[in-house]
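What follows is a single structure, written as structure tokens, with notes after it.
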Amino acid sequence: MYTYSSPRLVTVRPEMDRLDQYAPGESLEAFSARTGIPLGDIIKLNSNESPYEPAPSVLKALSNFSSYNHYPDANSAALRSALATYAGVEEHHIVVHHGSSELINLLWHLFLSVGDNVLCCPPTFSLYTSVTSFCGAHVLEVSRKENYEVDIDAVLTALTPQTKLIVLTSPNNPTGNAISEQDILTLLDTGRIVILDEAYVEFSDRPRGFAHLVPQYENLVVMRTFSKWAGLAGLRIGYALMPDWIQAYMRRAQCPFEVNIAGHIAAIETLKALDYTLNDVRRIVEERERLFAMLSRYSFFTPFPSQGNFILTRVDESQVKVNEIRSAVEKQGILLRYFSQPAMRNFIRVTVGKPEHTDNIDKALHTLL
Ligand SMILES: *Cc1c(COP(=O)(O)O)cnc(C)c1O
């Protein structure tokens, strides 16, 4: 038997030492174990999940189906056809996958070699950074302006010959603002692959997003997910709209049967019962305004207007510390999102929940006055 002693005969790629594990919002189970609060009493507002369950017809279709012993359709023809109608682009532009996180992983691996870079505009979704390191590539960070708009001039100046991807989230997580069409067109003109992550587009003022640009450009990829607006985070279903040439490479790189049958059924049924789910989206958008007004009443908060299902607020730590807020709300079983990056330490992101969730946060905050 070969015994590994130091130095090991085989090690992982050297770039792996730069890889930080992505830290998702704390799970219900972990929070319950840490605080002793029963699972059923927790209000989970830290991962931008929907507070509403899928439509009854979705749940019924999942339980009525029984042929789970077969593989799903590797072409996902029925789902891609339903998505084509929903997104308003033809099926050959659509790739489906188990969550848009995995689409990010696959796309990055298609384009990035060791030494390449990806241009990101922080603060933004940090998964882009961990996946970039996994490819042995680097992130080129161009900070957003004070109002969180993308600094287009700074982006254009920062590009290098090794910049393969420009990634933009719209509405942006965690800041909540959207990008303008003019800015997207300017970035497309750079010839880099522009990845537009529209995970929250259904909650925005422009719920159809920029899908209509996909057939016109050879370098635009629009990413979407059923995790946020459709209440299907647990089933892992995402899709992307892209030009044919990238689509062909994606399909080649993908392992077969990536989206499970339950994911196919749930997504197709959600699109059939679209009015039901869009009504939940409407309730969340209404509640976002109530949550914004509630947060604004506390002098230590400066909330930012949001087009997503979450609100980012700055905390004036000369009045109250983020940790004091955290322990006050956690005592009431409320999970919010906190940040470890130095620039974001005095910020909290709150997912929009049901009206009673807003009221519960309000009550917990009152204990601080
Ligand atoms: C939540 C989120 C995703 C991940 O979506 P999944 O489909 O659940 O993997 C992607 N992008 C952004 C910006 C998100 O906030």
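This is a predicted model, so every value here is computed, not measured. Whatever order the structure lists ligands and atoms in, that order sets their numbers, starting from 1.
Phe226 does not count as a contact of ligand 1, since none of its heavy atoms falls under 4.0 Å from the ligand. For the ligand labelled ligand 1, residue Met223 lies outside the 4.0 Å heavy-atom shell. Residue-ligand proximity: Gly238 is placed with every non-hydrogen atom at 4.0 Å or more from ligand 1.
Listed by atom number, the atoms of ligand 1 under 4.0 Å from Thr169 heavy atoms are 13 (C). Interface of Ala199 with ligand 1, defined as ligand atoms under 4.0 Å from a residue heavy atom, comprises 11 (N), 12 (C), 14 (C). Near Gly99, meaning under 4.0 Å from one of its heavy atoms, ligand 1 places the atoms 7 (O), 9 (O).
The nearest protein atom to atom 9 (O) of ligand 1, hydrogens excluded, is given as Ser101 OG, 2.6 Å; this is a heavy-atom distance. From the protein, the heavy atom lying nearest to atom 5 (O) of ligand 1 is Ser100 OG, 3.0 Å. Of the protein's heavy atoms, Lys228 NZ, 1.4 Å lies nearest to atom 1 (C) of ligand 1. Remark: minimum distance from atom 15 (O) of ligand 1 to any protein heavy atom is reached at Tyr200 OH, 2.6 Å.
The nearest non-hydrogen atom to atom 12 (C) of ligand 1, considering only Asn173, Asp197, Asn105, comes from Asp197. Counting only non-hydrogen atoms, the option in Ser227, Ala233, Ser126 that gets closest to atom 8 (O) of ligand 1 is Ser227.
Residues Glu181 and Arg206 are paired through a salt bridge, judged by an N-O separation under 4.0 Å between the basic side chain and the carboxylate. Between Lys354 and Glu287 there is no salt bridge, since no side-chain N of the basic residue sits under 4.0 Å from a carboxylate O of the acidic one. A salt bridge between Arg282 and Asp275 is absent, with no side-chain N of the basic residue lying under 4.0 Å from a carboxylate O of the acidic one. A salt bridge is absent between Arg18 and Glu15; no separation between the charged side-chain nitrogens and carboxylate oxygens falls under 4.0 Å.
By the criterion of a heavy-atom distance under 4.0 Å, neither the backbone nor the side chain of Glu102 is placed next to ligand 1.
No side-chain N or O of Asp189 forms a donor-acceptor pair with one of Tyr217 less than 3.5 Å apart. Side-chain contact check for Thr277 and Thr270: no donor-acceptor pair (N or O, by modelled atom type) lies under 3.5 Å.
Aromatic rings of Tyr200 and Phe310 (six-membered ring for Trp) have centroids within the 6.0 Å cut-off, being under it. Aromatic rings from Phe347 and Phe339 are positioned such that their centres are separated by 6.0 Å or more.
In this structure, Glu330 and Phe31 approach most closely via the heavy-atom pair CD-CE1, 3.7 Å.
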